[in-house]
A.B. asks: 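Following this message is one structure expressed as structure tokens.
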Amino acid sequence: MIDGHVHLEKGPLNKEYVLEFVDEAINKGIDELQILDHSHRFKEFEAMYETMKKHGGKQKEWLDHDFRNSLNEYLGLIDECKKLDLPVKLSFGLEVCFNDSYIDFLKEIFNKFHFDFLVGSVHSVFNIAYDSSWSIEELWKKYSTDEIYYEYFKQSFSLIESGLFNQIGHPDTIKMFNYYPSFDYLAYYDKLASLANKHHVKVENNTGCYYRYNHKDKGLAKEVLEIFKKNNCEMISVSDAHVPKDCGNYIKDIFEMTYK
Ligand SMILES: [Zn+2]
Ligand SMILES: [Zn+2]
């Protein structure tokens with residue numbers, strides 16, 4: 001079983017911390033881990049978040065505390081880990097906050113720095129995070145739900161079409177606060193599915209929303225999952241763990257619906 005999205009976010013970039021995830025993976029019967037962290041951990045990406053910082057408030061406070069490492073530090077850790085002989089297969093990448101204004105910026109970075117895989121995720125709409133403590137006041141109450149969903153899909157399509165990513169992160173977490181649009185948004189998942197196939201992008205079935213944010217769905221919404229299956233998308237089971245104890249969370253529960 002694979003857990004294809006596990007964050008080093010809350011700990012240092014060292015081997016000992018990576019091994020805590022490996023131990024937990026073994027406990028949960030996981031034999032393959034894709035380890036990553038957010039682009040906003042690394043200084044090289046800071047310029048990409050200027051517009052989000054300009055929004056001010058809690059969003060700025062949050063971003064002001066990040067960008068604490070360099071990509072070379074991370075690549076050093078990756079080299080070290082790859083020398084280890086472990087019972088769990090490890091690969092290393094990034095989860096990149098996607099915004100179509102920064103495609104060229106990202107291309108330049110990924111021409112210089114190489115990873116085993118890259119996950120692209122839409123985390124913000126109109127430069128405001130849609131899933132954070134300030135999102136209801138700052139985004140969901142200020143814009144119409146339809147507008148937010150339209151922009152979310154526009155960004156998601158362009159993420160896939162950019163050709164930069166192997167995997168799209170949590171493609172339906174926009175449902176996080178249970179706001180749903182008035183239009184037939186499932187048709188947009190049909191388009192997302194065919195684009196993912198065309199560009200060879202894996203689609204995540206991500207359990208993070210369930211145990212980190214108490215959403216009712218243990219992974220993708222049933223209707224969205226059915227669309228990905230119908231389109232024969234390549235899917236991947238992921239926990240989105242932010243700490244070692246969450247590594248592999250609920251992967252067993254979603255394994256069958258993801259792969260069978
Ligand atoms: Zn994410
Ligand atoms: Zn994540």
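Computed from a prediction, not measured in an experiment: that's the story for all the values here. Counting starts at 1 for both ligands and their atoms, following the listed order.
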A.B. asks: Ring centroids only, cut at 6.0 angstrom: are F255 and Y259 within range, meaning strictly under it?
C.D. replies: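 Yes; Y259 has its ring centre under 6.0 Å from that of F255.
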
A.B. asks: Looking at E95, H38, H5, which one forms a side-chain hydrogen bond (donor to acceptor under 3.5 Å, both in side chains) with S121?
C.D. replies: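 Among E95, H38, H5, the one that satisfies the side-chain hydrogen bond (donor to acceptor under 3.5 Å, both in side chains) with S121 is E95.
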
A.B. asks: Any salt bridge linking K142 with E138? Criterion: basic side-chain nitrogen under 4.0 Å from a carboxylate oxygen.
C.D. replies: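 Answer for the salt bridge query: yes.
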
A.B. asks: At the Zn ion (ligand 1), what is the angle formed between atom NE2 of H123 and atom OE2 of E95, rounded to the nearest 10°?
C.D. replies: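 H123 NE2 and E95 OE2 form an angle of 100° at the Zn ion (ligand 1).
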
A.B. asks: Examine all N, O or S atoms of H5, backbone included, and report whether one is under 2.8 Å from the Zn ion (ligand 2).
C.D. replies: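 Looking at H5, which is the residue asked about, there is an N, O or S atom under 2.8 Å from the Zn ion (ligand 2).
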
A.B. asks: Given atoms OD1 of D240 and NE2 of H7, what angle do they subtend at the Zn ion (ligand 2), to the nearest 10 degrees?
C.D. replies: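 About 90°, to the nearest ten degrees.
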
A.B. asks: For a ring pair (Phe, Tyr, Trp, His ring centres under 6.0 Å) check, start with the C-alpha distance between Y188 and F183, then their side-chain angles and the critical distance, and finish with the verdict.
C.D. replies: CA-CA 10 Å; Y188 284 70; F183 62 89; 5.3 Å; yes

A.B. asks: Looking only at N, O or S atoms, find the one in H170 nearest to the Zn ion (ligand 1) and name it.
C.D. replies: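 Sorting the N, O and S atoms of H170 by distance to the Zn ion (ligand 1) puts NE2 first.
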
